[in-house]
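Take a look at the structure set out below.
Protein chains get the first letters and strands the later ones, always in sequence-line order, with residue 1 at the start of each.
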Amino acid sequence: MSQQITVELPDGTSREYVSGTTPAEVAASIGTRLAQAAVAAKADGEWIDLARPLDHDVALQIVVPASDEGREVLRHSTAHVMAEAVTRLFPGAKVAIGPAIADGFYYDFDLPDGRTFSDDDLARIEDEMRAIVKADQRFERSELTYDDALALFADQPYKREIIEKVRSGAADAEDAGEAGGDGAAVSVYRNVVDGDVAFVDLCRGPHVPSTGKLGAFKLLKVAGAYWRGNEKGPMLQRIYGTAWESKAALAEHLHRLEEAERRDHRRLGVELDLFSFPEEIGSGLAVFHPKGALVRRIMEEYSRQRHEASDYQFVNSPHITKEGLFQTSGHLDWFADSMFPPMHLDEGGQDGAGTTYYLKPMNCPFHILIFKHRTRSYRELPQRFFEFGTVYRYEKSGVVHGLTRVRGLTQDDAHIFCTKEQMAGELSSLLDFVLDVLRDYGLDDFYLELSTKPPGKAAGTDEEWDEATEALRDAAQGKGLALVLDVGGGAFYGPKISVQAKDAIGRTWQMSTIQLDFQMPQRFDMQYVGADNERHRPVMIHRALFGSVERFFAVLVEHYAGAFPAWLAPVQVTVLPVSDRHDPYGFRIVDRLVAEGFRAEMVDGSSGQLGSRIRRAKTEKVPYILVVGDSDVDNGTVGVNARGSNDPERDVHVDAFVERLAAEVLEHR
RNA sequence: GCCGGGGUAGCUCAGUCGGUAGAGCAGCUCACUCGUAAUGAGCAGGUCAGGGGUUCGAAUCCCCUCUCCGGCUCCA
């Protein structure tokens, strides 16, 4: 008599089955639609295939495509299909790893004779993949001993390396994830069609039952990638693709990609005449044009106001310094490679040694020196120094990217020096301040990330790190935001909290960072005199709210798709007279607006017909276009075209418009 | 830095087999005087990223440098 097992379903109900029943059969017993949709299952939280027999009581979740888990399975299975297609089309290709990632998947290959993929290859591979999907190959799982697996993958060195690593116990989570198995064995998946094995891959699974379940996918791009992310290791060819539960979901995703491209700040920077990167200046060095500089100035001015109101003191420091400063801080130990090379001066001096200067890659040592300039009393703590400090970092050539990763940037940098007792309160109120200011720039969907001690690249003791990390965690909790752990992501001198913000199309950007630092105060031997008349070491908090002005600017451009809200828009109002007899009235409107402190300009009839002037102003994403004609001149009104509306408002009184614009600017709408 | 792909007018791009460069938009001039997303005509605009090589001849083929793009690695 066969044994019964109890299967608990996500809705809390339980059902009895004969031992050996598969998740596929469970799904079928619940409903045909579920059975048809199912791609995999989770048993007690563990991924399994639908065909894996259940032999004990279990909490079972049937995974369907239209879920995060389901898409992960689809993507991973699609990656296998891609690998099969590549090995068919490129005999001798070595396969590395091919996981599911956010929104898609990739697979790394090593092609014979150093061959590389072209865009045409991508199309061919996609065609081959469609054939494999059409053939509806079954994914069959089996477990092999290490020796059998090594033999099976005799001509796949990357797979063998993973197996060896797992066997020797040196595997990290990534390797273990690839190899599956249960410690004495590894699992492999065979793609079987008509009894023939078309492809086999080392894999933990799970996979869809057969390739026919796949189909809504697209290969996106080819890229180089290091084997195991090791800069010194071999460079593989990576193909990125995306896969979804339906054609509609795929189309939607591709549309999102287009939308992101449309918002690209590098493209809008040219279109809206905001900034550029003249080749003559050098890589990663931007110039801001009048309109971009205007937006930037407004951003900075508002930031200054807010900092002033929150008891920050403004300081300034030079762009270059003698090397000793960065030796003391430790930056030269960690970051000499990514600093602009030193300037050696006065080498003809008596001892011939001369002096070495560096461009500053950061501002903190300067602020420390300001603190240290005289004896500080506990009465003046916390001391908050703020500076728009321009720094230079020699970013590696391949990482420079628009305004988000540049070689010359301006940090809205502040350093707070306080007592240990003040630390908790200071961190908490700082976080409130940061979030509040970010909201004023139109960002309001946040989560926090806590980055801990970086292994092998950190100064200070574990005790100091633990203390600092816990202080940050305490500050982060209770803000009502999700807190995500970023293990090993801290700076060399301390852990950090970063504020991650979602933009208008749901992309996450790292915005502000708050770092707690017990190291610099020691290195620079900072002190204050306490109430007990003894000398104490202050705690130092590093923080940047924008991060860098350039980067924040880029995020705002992409967030707003170049359509800045009125308070930030370089031109708030464009006045268009219908014909040149309305010019004097148009100028009066512009004068009035400018007198009220708005940024208004007039485009008269000599630069085109009304339709073309309207078109241009709309292309420039001006918040308000005012059209003025005969009736407006007679009645003191304007025709208002608010950005985003295709419905012009006629006969709006000038006073009413001014009031409306003023309110909008004031409220940062 | 590494892998791959690019650089032709301000912008977007075409340019065949190696035979000294073309369009649209933008700009300028003139005409049009117009109520909501492109009026028309004309003009002007290029050391084909820079340097070297091959060739009778190079935007085109080769090499180097700069620079951009997609990734990887990195990001104080």
Side-chain angles (χ1 to χ4, degrees), chain A residues 106 108 114 116-119 220-240 264 266-267 270-271 273 276-284 326 329-339 360-365 391 393-402 404-406 409 411 413 454 457 459 489-494 496 510 513 515 517 520 542 544 547-548 551 576-583 604-619 625-632 639-641 645-651:
Chain A
Y106 67 80
D108 287 344
T116 58
F117 293 116
S118 68
D119 286 348
L220 298 175
K221 55 201 169 199
V222 192
Y226 295 107
W227 168 236
R228 294 182 175 284
N230 175 5
E231 218 179 334
K232 308 278 188 286
M235 176 64 78
L236 305 173
Q237 291 277 307
R238 175 172 298 179
I239 301 178
Y240 282 93
D264 191 316
R266 294 166 300 180
R267 171 189 176 140
V270 175
E271 280 175 17
D273 198 14
S276 62
F277 291 92
E279 213 174 291
E280 294 86 337
I281 300 177
S283 179
F326 291 117
S329 71
H331 287 92
L332 273 170
D333 293 339
W334 305 110
F335 292 108
D337 282 355
S338 47
M339 287 167 67
K360 68 173 170 180
M362 36 134 48
N363 306 298
C364 26
V391 300
R393 297 175 177 182
Y394 192 73
E395 302 288 2
K396 286 194 278 184
S397 60
V399 308
V400 169
H401 180 96
T404 59
R405 195 80 180 269
V406 287
L409 58 136
Q411 296 180 308
D413 208 358
K457 197 182 173 185
F492 74 84
Y493 49 71
K496 71 178 179 195
Q510 178 177 316
T513 61
Q515 302 172 345
D517 180 0
M520 293 293 154
H542 306 242
S548 82
R551 192 183 135 82
L576 306 178
V578 171
S579 79
D580 58 10
R581 68 176 178 278
H582 311 113
D583 284 359
D604 66 41
S606 66
S607 46
Q609 294 187 340
L610 184 61
S612 84
R613 282 179 287 147
I614 288 194
R615 181 182 149 78
R616 180 188 303 218
K618 294 216 176 204
T619 311
I625 301 166
L626 302 184
V627 175
V628 294
D630 287 332
S631 69
D632 298 303
V640 177
N641 298 260
S645 160
N646 289 318
D647 210 5
E649 304 156 52
R650 293 287 299 270
D651 307 318

B/rU55 to B/rG45 separation - P atoms, rounded to the nearest Å: 35 Å
Nucleotide nearest A/A223 (side chain, heavy atoms from C-beta), chosen from B/rC74, B/rG71, B/rU33: B/rG71
Donor-acceptor pair under 3.5 Å, A/D337 side chain vs B/rG1 base: no
Distance below 4.0 Å between A/K232 side-chain N/O and B/rG1 OP1 or OP2: no
Short side-chain donor-acceptor distance under 3.5 Å, A/D108 and A/Q237: no
Proximity to the side chain of A/I614 - top-ranked nucleotide from B/rU33, B/rA37, B/rC75: B/rA37
Test ring pair (Phe, Tyr, Trp, His ring centres under 6.0 Å) applied to A/F117 - qualifying residues, sequence neighbours left out: A/F90, A/F109
Side chain of A/R581 - closest among B/rU33, B/rA76, B/rG35: B/rU33
Partners passing side-chain hydrogen bond (donor to acceptor under 3.5 Å, both in side chains) against A/Y240 (at least two apart in sequence or in another chain): A/R238
Donor-acceptor pair under 3.5 Å, A/R405 side chain vs B/rC74 base: yes
Contact under 4.0 Å: A/H401 side-chain N or O vs B/rG70 OP1/OP2: yes
Spacing of A/R393 atom CZ relative to B/rG1 atom C1', expressed in whole Å: 18 Å
Listed nucleotide nearest any side-chain atom of A/K221, set B/rC74, B/rG71, B/rA76: B/rG71
More than 12 heavy atoms of other groups within 6.0 Å of A/D119 CG: no
Among B/rC68, B/rC72, B/rC2, the one nearest A/V400 by side-chain distance: B/rC68
Set of residues satisfying side-chain hydrogen bond (donor to acceptor under 3.5 Å, both in side chains) with respect to A/K221, sequence neighbours excluded: none
Proximity to the side chain of A/L610 - top-ranked nucleotide from B/rA37, B/rG70, B/rC34: B/rC34
Residue A/M339, side-chain atoms from C-beta onward, closest of B/rA76, B/rU73, B/rG35: B/rA76
Between P of B/rC75 and CZ of A/F492, the distance in whole Å: 12 Å
A/F335 and A/F492 aromatic ring geometry - parallel, tilted or perpendicular at 30°/60° bounds: tilted
All N/O contacts under 3.5 Å from nucleotides 25-31 of chain B to the protein, with atom names and distances to one decimal?
residue: B/rG27; atom: OP1; partner: A/R616; partner atom: NH1; Å: 3.2
residue: B/rG27; atom: OP1; partner: A/R616; partner atom: NH2; Å: 3.1

Nearest to side-chain heavy atoms of A/Y226, which nucleotide of B/rU73, B/rA37, B/rU36: B/rU73
side-chain hydrogen bond (donor to acceptor under 3.5 Å, both in side chains) partners for A/S645, two or more places apart: none
Rounded C1' spacing from B/rC48 to B/rG7 in Å: 10 Å
Sugar-phosphate only, base, or nothing, as touched by A/G605 at under 4.0 Å among non-hydrogen atoms: base
Any A/S612 side-chain nitrogen or oxygen under 4.0 Å from OP1 or OP2 of B/rU39: yes
Dump every N/O contact between nucleotides 61-67 of chain B and the protein below 3.5 Å, one line per pair.
none

Closest to the A/R615 side chain, choosing from B/rG71, B/rA76, B/rA38: B/rA38
G-U wobble or Watson-Crick pairing nucleotide for B/rC48 (cut-off 3.5 Å, both distances): none
Phosphate-side-chain proximity, A/Q609 and B/rU39, N/O vs OP1/OP2 below 4.0 Å: yes
Side chain of A/K396 - closest among B/rC74, B/rC34, B/rC68: B/rC74
d(CZ, A/R650; P, B/rG35) in whole Å: 10 Å
Residues forming a salt bridge (Lys or Arg N to Asp or Glu O under 4.0 Å) with A/K496, sequence neighbours excluded: none
OP1 or OP2 of B/rC72 under 4.0 Å from side-chain N/O of A/Y240: yes
Salt bridge (charged side-chain N to carboxylate O under 4.0 Å, His left out) partners of residues 605-618 of chain A, not counting sequence neighbours, each pair once: none
Separation of atom CD1 in A/I625 from atom P in B/rA38, rounded to whole Å: 12 Å
B/rC69 OP1/OP2 closer than 4.0 Å to side-chain N/O of A/R266: yes
Set of residues satisfying salt bridge (Lys or Arg N to Asp or Glu O under 4.0 Å) with respect to A/E279, sequence neighbours excluded: none
Rounded distance in Å - CZ (A/R267) to P (B/rU12): 9 Å
Identified pairing partner of B/rG4, criterion: Watson-Crick or G-U wobble below 3.5 Å: B/rC69
Any strand: nucleotide that pairs with B/rU12 via Watson-Crick or wobble, under 3.5 Å: B/rA23
